Amino acid sequence: PQVLLSGSAVGWYGDGGELELDELQPQVSSDFASLLCDAWESAALTAEALGIRVVLIRTGLVLAADGGFLKRLLLPFKLGVGGRIGSGQQWMPWIHLHDQVALIDFLLHHETASGPYNACAPRPVRNADFTKALGLALHRPTFMPMPATALKLGLGELAVLLLGGQCCQPARLLQANFEFRFNTL
């Protein structure tokens, strides 16, 4: 093959807190997800030694009406027991499924594209804002927060996946003139 598109996640950065993360930013923490994503990307990059162009796609939360990240949230929100996770201040880099597919096609055919690309909309949101928007879209209340302590007790080390976040920017996609169809939540 001439090109390898490797799917990874914005979790590569680790919990970025308030840092604005673009593709030039190094990892900011070494939790399980960031270590896993780094190992996955390192394995993909070995294809470069064979003369293959390697593109690392670091995807945020994929949103679609009938699947993706939303599918897991719909039942509790429809039942009126949806709410923010922990403080709700963690960043949620998201992308609409249409844009995810479009950028994969764009990077496949953009022959100078290589290395990491953040696959997320240009305007990440905080968990509390995402929760409010989903509640409004479903015409449901969003007053039942998921306490951080409950998540830590139930999920242990994996709780950081829900309590942490990344304020990611798709800087390299924007520089390559990729046009997002869905810029705002």
Side-chain angles (χ1 to χ4, degrees), residues 1-16 19-74 85 90-125 127 130 155 157-183 185:
Q2 295 178 356
V3 62
L4 169 63
L5 299 178
S6 177
S8 184
V10 294
W12 179 88
Y13 298 100
D15 181 7
L19 291 174
E20 189 171 294
L21 305 169
D22 65 25
E23 297 87 349
L24 298 177
Q25 181 78 31
Q27 287 179 300
V28 293
S29 69
S30 57
D31 56 43
F32 174 76
S34 64
L35 293 174
L36 179 64
C37 289
D38 190 54
W40 187 266
E41 289 185 6
S42 294
L45 287 170
T46 62
E48 288 180 328
L50 302 172
I52 298 171
R53 177 171 62 96
V54 178
V55 179
L56 307 170
I57 302 173
R58 296 177 180 160
T59 303
L61 302 166
V62 179
L63 305 181
D66 58 351
F69 180 69
L70 285 179
K71 187 174 185 176
R72 298 168 195 243
L73 295 178
L74 285 181
I85 298 172
Q90 64 274 35
W91 287 102
M92 294 178 64
W94 63 276
I95 187 166
H96 189 280
L97 179 60
H98 170 83
D99 285 334
Q100 176 75 12
V101 172
L103 74 84
I104 290 170
D105 184 61
F106 177 84
L107 293 170
L108 178 65
H109 294 99
H110 196 61
E111 294 180 10
T112 60
S114 67
Y117 287 84
N118 289 339
C120 53
R123 294 186 185 107
V125 296
N127 175 261
F130 178 88
L155 297 176
E157 185 180 326
L158 294 178
V160 73
L161 295 174
L162 298 172
L163 297 170
Q166 300 82 19
C167 183
C168 285
Q169 293 297 318
R172 293 193 68 213
L173 280 170
L174 294 173
Q175 288 169 354
N177 295 317
F178 177 78
E179 292 186 30
F180 286 86
R181 184 170 161 196
F182 298 92
N183 288 297
L185 192 59

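In this text the structure is predicted, and so the values were computed from the model without any measurement. In this chain, residues are counted from 1 in sequence order.
- Of the possible donor and acceptor atoms, none in the side chain of His110 sits under 3.5 Å from a partner among the backbone N and O of Phe106.
- Judged by distance alone, with hydrogens and angles left aside, the side-chain atoms of Tyr13 form a donor-acceptor pair with the main-chain N or O of Asp22 at under 3.5 Å.
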Derivation and outcome, side chain to side chain contact (heavy atoms under 4.5 Å, CB included), residues Leu107 and Tyr117: CA-CA 9 Å; Leu107 293 170; Tyr117 287 84; 3.8 Å; yes
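- The ring of Phe178 has its center closer than 6.0 angstrom to the ring center of Phe180.
- The minimum heavy-atom distance linking Ile52 with Leu4 is given by the pair CG2-N, 3.7 Å.
- No donor-acceptor pair under 3.5 Å is formed between the side chain of Trp91 and the backbone N or O of Leu19.
- In this structure, Leu21 and Val10 have side chains that are not in contact, with every pair of non-hydrogen atoms separated by 4.5 Å or more.
- Within a 6.0 Å radius of CD in Glu179, other residues, nucleotides and ligands contribute 12 heavy atoms or fewer.
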Check: residues 24-35 side-chain donor-acceptor pairs under 3.5 Å, at least two apart:
residue: Gln27; atom: NE2; partner: Trp12; partner atom: O; Å: 2.8
residue: Gln27; atom: NE2; partner: Ser34; partner atom: O; Å: 3.1
residue: Ser29; atom: OG; partner: Asp15; partner atom: N; Å: 3.1
residue: Asp31; atom: OD1; partner: Ala33; partner atom: N; Å: 3.2
residue: Asp31; atom: OD1; partner: Ser34; partner atom: N; Å: 2.9
residue: Asp31; atom: OD1; partner: Ser34; partner atom: OG; Å: 3.3
residue: Ser34; atom: OG; partner: Ser29; partner atom: O; Å: 3.1
residue: Ser34; atom: OG; partner: Asp31; partner atom: N; Å: 3.0
residue: Ser34; atom: OG; partner: Asp31; partner atom: O; Å: 2.9

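- The shortest non-hydrogen separation linking Pro170 to Asn118 is CB-O, 3.3 Å.
- Under the 4.5 Å side-chain criterion, counting only non-hydrogen atoms from C-beta, Arg123 is not in contact with Leu185.
- Closest heavy-atom contact between Leu103 and Ala119: CD2-CB, 3.7 Å.
- The closest donor-acceptor contact from the side chain of Gln90 to the backbone of Asn127 lies at 3.5 Å or more, if one exists at all.
- Side-chain contact between Val54 and Ser114: absent, with no pair of heavy atoms (C-beta onward) separated by less than 4.5 Å.
- Summarising the geometry, atom CD belonging to Gln169 is positioned 7.5 Å from atom CG belonging to Leu174; distances are rounded to the nearest 0.5 Å.
- Taking every heavy atom of both residues into account, Gln166 and Pro93 meet most closely at O-CD, 3.1 Å.
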Verdict with supporting geometry, Thr46 and Ser42, side chain to side chain contact (heavy atoms under 4.5 Å, CB included): CA-CA 7 Å; Thr46 62; Ser42 294; over 6 Å; no
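- Across all non-hydrogen atoms, the minimal contact from Thr59 to Gln100 is OG1-NE2, 3.0 Å.
- Here Glu41 pairs with Arg58 in a salt bridge; the nearest charged N to carboxylate O distance falls below 4.0 Å.
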Applying side chain to side chain contact (heavy atoms under 4.5 Å, CB included), run through Leu63 and Phe69 and close with a yes or a no. CA-CA 6 Å; Leu63 305 181; Phe69 180 69; 4.1 Å; yes
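- Panel note: side chain Gln2, backbone Arg53; no donor-acceptor pair is recorded below 3.5 Å.
- In plain terms, the two heavy atoms of Asp99 and Arg181 that are nearest each other are OD1-N, 2.8 Å.
- Distance CG/Leu108 to CG/Leu5: 5.5 Å, rounded to 0.5 Å.
- Note on ring orientation: taking the six-membered ring where Trp is involved, the planes of Phe182 and His96 are parallel (angle under 30°, cut-offs 30° and 60°).
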